[in-house]
Amino acid sequence: MFEEGAVLKKRYGEENVFDLSLGNPIIEPPAEFRRELKRLVEHPLQGMHRYMANAGYAETRTAVAEQIALETGIKFTMNDIVMTCGAAGALNAVLKTILNAEDEVIIFAPYFVEYINYVDNHGGVARVLPTDEQFIPRFDALEANIKARTKAVIINSPNNPTGVIYSEDVLHRLGEVLRKKEAQYGTEIFLVNDEPYRKLIYDGLKYPSPLRHHPRSIIVTSHSKDLALPGERIGYLAVHPDCSQKEELMDGLIFSNRILGFVNAPALMQHVVRHLQSVSVSITEYQQKRDFLYRQLTDMGYALVKPQGSFYMFPKSPLEDDVAFVRELQKLKVLTVPGQGFGTPGYFRIAYCVEDRVIEGSLDSFRKAAQKFGLTR
Ligand SMILES: Cc1ncc(COP(=O)(O)O)c(C=O)c1O
């Protein structure tokens, strides 16, 4: 998609191609970020570019712990936190630590495609399970597929590509199934929530955290989206304070962060985000984009679940073959991603973290495609 998009842009001009294929936010980091960065440059701290403890700076880990405690009511301390190179680095440190060869990790389709690669990186086997019409895990499938070798279940709420947020009720049921299966097999199963979109939630919703529903839960996240810093590779992992064998687990996570070659999360960014734990980019701006595009697409007849968070939508493809439909949109100079890429054919993903001009420019093509493939209204 990326390559073909580049060819189209070269041929027709950047302004005539409407690229909704990438989750690379156009919103600039908030003013508080620049203020912190400037302050550090003007008043550098002694030794601020040196090696540090592999888990990260104590002050930053404390700030992160305080923020999670504030949001969840659970007593986190810096000893539960490891600063990482983004959510991707955090996820790899977790899988490296908990997996033995052939251990299974459950993921739900549609999924962030890198999960498959990351599980494979550490000798695990990814078991992909279906979700229902609302993109919520099917609990019967989950129960049937947790085996003695199941080490972890990865969830992603708010979700890429659907924008769905798991409710307290869904998380409660998830936790119940995990504990039932742990008792059945005499095992421990980690619930890993990949939550880089945690702060990008709409309609005043309060974020339902999986931490309240399973003691063996681990958060992996980053400031790639909430502070719009994906290139800076700054994130963290947080282990539930009541997790069994926590000290041993933390040792493993810190060691993995080191030997995977990350060594530690970037020093400068750790200094900066320490003071930005309660800050995020403008949620209103993303919500306006969501509202506008959702209304337009549903008026044209597209079927889609209204996203509650993140900056993606996952409409049903009017053609059974989602790749063919994405190609049709491409001919109309709109770039999206086929659902197949997320393990869910029959849908396509739109990333609306783009300028309004791009969203508005794409509408004519969406309308033409809707008419061509018989969507009514
Ligand atoms: C669901 C999900 N998880 C993880 C990542 C990786 O995030 P990071 O850039 O912080 O490593 C992304 C990036 O798009 C994502 O969408």
Side-chain angles (χ1 to χ4, degrees), residues 1-2 19-27 29 33 56 64 81-96 105-121 126 128 131 135 137 152-166 191-201 207 210 218-238 256-257 260-262 264-266 269-270 272-273 276-277 280-281 286 307-314 336-337 339 341-344 349-354:
M1 272 300 134
F2 188 78
D19 190 348
L20 303 169
S21 69
L22 293 177
N24 200 6
I26 49 100
I27 289 182
F33 170 78
V64 167
I81 312 294
V82 180
M83 300 307 296
T84 62
C85 292
L91 206 41
N92 274 280
V94 169
L95 295 171
K96 170 83 177 159
V105 177
I106 288 178
I107 61 181
F108 297 99
Y111 49 75
F112 178 57
V113 71
E114 302 292 23
Y115 294 157
I116 309 275
N117 297 323
Y118 297 163
V119 171
D120 187 56
N121 278 348
V128 178
T131 52
F135 304 118
V153 174
I154 301 179
I155 57 172
N156 169 220
S157 168
N159 189 266
N160 172 10
T162 65
V164 161
I165 294 179
Y166 292 179
L191 179 60
V192 180
N193 188 31
D194 179 25
E195 52 181 52
Y197 303 96
R198 175 173 97 224
K199 290 193 188 140
L200 303 187
I201 63 178
Y207 180 64
I218 305 177
I219 289 174
V220 295
T221 188
S222 71
H223 296 298
S224 297
K225 317 289 172 164
D226 61 18
L227 294 176
L229 299 173
E232 301 296 348
R233 313 307 305 135
I234 182 71
Y236 59 84
L237 61 85
S256 297
N257 201 37
L260 284 172
F262 303 123
N264 56 249
M269 284 302 127
Q270 286 197 53
V272 173
V273 302
L276 304 179
Q277 285 306 303
S280 77
V281 293
Y286 279 135
Q308 298 170 291
S310 78
F311 39 57
Y312 306 101
M313 292 184 186
F314 202 55
T336 57
V337 184
F342 305 93
T344 308
R349 189 192 75 172
I350 295 172
Y352 59 85
C353 52
V354 295

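Counting convention: from 1, in listed order, for ligands and their atoms alike.
Nearest protein neighbour of atom 16 (O) of ligand 1, counting heavy atoms only, is Y197 OH, 2.7 Å. Looking only at heavy atoms of the protein, atom 7 (O) of ligand 1 is closest to A87 CB, 3.7 Å.
Of the options N160, N24, D194, T221, the smallest heavy-atom separation from atom 2 (C) of ligand 1 is shown by D194. Nearest residue to atom 12 (C) of ligand 1 from Y312, F311, F112 is F112 (criterion: closest heavy atom).
Proximity of K225 to ligand 1 is established by a heavy-atom distance of less than 4.0 Å. The shell of residues lying under 4.0 angstrom from ligand 1, judged by heavy atoms, includes R233.
Taking the six-membered ring for Trp and thresholds of 30 and 60 degrees, H223 and Y236 have ring planes inclined between 30 and 60 degrees apart. Using cut-offs of 30° and 60° for the angle between ring planes, the Y197 and F311 rings count as perpendicular.
Side-chain contact check for P25 versus P230: some heavy-atom pair is nearer than 4.5 Å.
Side chains of Y115 and D194: a donor-acceptor N/O pair is present below 3.5 angstrom, by distance only. Residues R198 and N193 bring no donor and acceptor atom of their side chains to less than 3.5 Å of each other.
Between A109 and V128, the shortest heavy-atom contact is CB-CG1, 3.8 Å.
Near S222, the atoms of ligand 1 lying under 4.0 angstrom from a non-hydrogen atom of the residue are 10 (O).
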